[in-house]
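Each chain gets a letter, A, B and so on, in the order its sequence line appears, and its residues count up from 1.
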Protein chains: 2
Amino acid sequence: MPSQVSWSREVRRFIEAGGNTTHAFGLGRLIGRMFALLYLSPKPCSLEDISTHLDISKASASMTIRQLEEWHAVRHVPVEGDRRDFYEAETEFRIIVKQGLLPGIRKKLATAGGQIHRTLEAGASAPVSSDHSPAEIQIIKKRLRTAANLHKKLDGLLSSRLIEKLL
Amino acid sequence: MPSQVSWSREVRRFIEAGGNTTHAFGLGRLIGRMFALLYLSPKPCSLEDISTHLDISKASASMTIRQLEEWHAVRHVPVEGDRRDFYEAETEFRIIVKQGLLPGIRKKLATAGGQIHRTLEAGASAPVSSDHSPAEIQIIKKRLRTAANLHKKLDGLLSSRLIEKLL
DNA sequence: GACATCGTTTAGAATTTTCTAAATGATGGT
DNA sequence: ACCATCATTTAGAAAATTCTAAACGATGTC
């Protein structure tokens, strides 16, 4: 039955595409491959299932699965009479985005925003500089205020309920 | 004048924070440092200005500046009687997002979406598989349709004018 | 048209990140 | 209590990325 072959080939490609996608967004390749595998698994997978299917070590599987857990992208599910850890994918993307991704993004934004404000305050207490004319100082301050304003807007946007409505 | 010192120190920190931010989002550290430098520069910078201020080679400066140009985050500005290349930061974040970042994100999403559809189609023409029961096949197909639907929603969201209104 | 200066390319060095094997810790079964 | 089995930690190997120096090409100057 040749059609079966093309199906499993397409599944492998799906998994690799998942890896390429997360990698393209700077999240590492393994995390996407692993989520894709679990997402297409109707039944929970053990760590060894994962490491053999993805051809990685159990150590990698363990570390990556915990990253996925932090993002609420994967759930630990107990299996009757088996003390191994089994995992299944969270299929509600809304939950992954709201509880996993957005808090991480907001945290990163907060770090950046903090520095913008510190720079702005340092500029307020040091109005004269040797290598900038007064007019240039004004330009710099204006840009810092623009950046602070953008940061505020972005943070408000991410914390609003707008996003979950759209998903 | 000690306040001057703390100002320039805060500027250096601003630049490093810019680098850390882009790095956290998987874009490399240099690109953020360079944009931060140009964003706080009231007058255009030459490549050598940049490489000395950031303490990097001219080669790195050249490659990174072109990446920033692709994202419409930086503009090439001619300077009277000087054949060197000068650059200034785009201060309209709306332009950077709309013309620079969003197209790149949509392109990455399109790659992922294409594979979702291919997998879905392969599943349609290969309804029977040796390692999955019919009920499981149905679950997998449903999940693939959910993923395809999410992809469609995301792409629509990014291509709508909603985002520019929010910035 | 030769020289000087600047930007780009590229081959490979340096750094960072990712991955693994082995050791360790933990837990259930007998 | 001991053994077997599983997950985690960690130190270092492997791989990927980032950066640079040197060579090159292009362009303006004298």
* Measure from CZ on B:R84 to C1' on C:dT8 and round the result to the nearest Å. => 17 Å
* Toward the 5' end of DNA chain D, which comes first, B:T64 or A:D82, by nearest nucleotide? -> A:D82
* Structure fact -> A:S62 has its side chain closest, among C:dG7, D:dA7, C:dC19, to D:dA7
* To do: Return the value, rounded to whole Å, for the distance between atom CD of A:E48 and atom P of D:dT8.
  => 14 Å
* Quick one: is B:S57 getting a side-chain N or O under 4.0 Å of the D:dT20 phosphate, OP1 or OP2? -> yes
* Reckon A:H23 has a side-chain N or O less than 4.0 Å from the OP1 or OP2 of D:dA15? -> no
* Asked: For A:A59 and B:R66, take the nucleotide of DNA chain C holding the closest heavy atom to each; which residue's nucleotide lies nearer the 5' end?
  -> B:R66
* Do the side chains of B:I140 and B:H132 get nearer than 4.5 Å, heavy atoms only? -> yes
* Interatomic distance where CD1 belongs to A:I50 and P belongs to C:dC19 [whole Å] -> 14 Å
* To do: Using a strict cut-off of less than 4.0 Å between a Lys/Arg side-chain nitrogen and an Asp/Glu carboxylate oxygen, indicate whether A:E48 and A:K58 qualify as a salt bridge.
  => no
* To do: Go through the steps for B:Q115 and A:E10 under the test side chain to side chain contact (heavy atoms under 4.5 Å, CB included), then give the verdict.
  => CA-CA 8 Å; B:Q115 183 57 48; A:E10 223 49 53; 3.2 Å; yes
* Could you tell me whether A:R83 contacts a base, only the sugar-phosphate backbone, or nothing, with contacts defined as non-hydrogen atoms closer than 4.0 Å? => base
* To do: Give a yes/no on whether any side-chain N or O of A:S60 is located under 4.0 angstrom from OP1 or OP2 of C:dT20.
  => yes
* Nucleotide D:dC6, atom C1' - distance to NE2 of A:H76 in whole Å -> 11 Å
* **5' priority, DNA chain D, between B:G28 and A:M63 [closest heavy atom]** => A:M63
* Which of the following nucleotides, C:dG7, C:dT9, D:dA7, is nearest to the side chain of B:D85? -> C:dG7
* **Gap between atoms CG and C1', on B:N20 and C:dT16 respectively (whole Å)** => 14 Å
* Just how far, in rounded Å, is P of D:dT17 from CD of B:Q67? -> 13 Å
* To do: To the nearest Å, give me how far apart NZ (B:K58) and P (D:dA23) are.
  => 14 Å
* Which residues, ordered by chain and number, are linked to A:V77 in its hydrophobic cluster, where ILVMFWY side chains connect at heavy-atom gaps below 4.5 Å, directly or through other members? -> A:V79, A:F86
* Please report, rounded to the nearest Å, how far the P atom of C:dG7 is from the CD1 atom of B:I56. => 13 Å
* Test side chain to side chain contact (heavy atoms under 4.5 Å, CB included) on A:T146 and B:Y39 and set out the steps. => CA-CA 11 Å; A:T146 303; B:Y39 190 73; 3.6 Å; yes
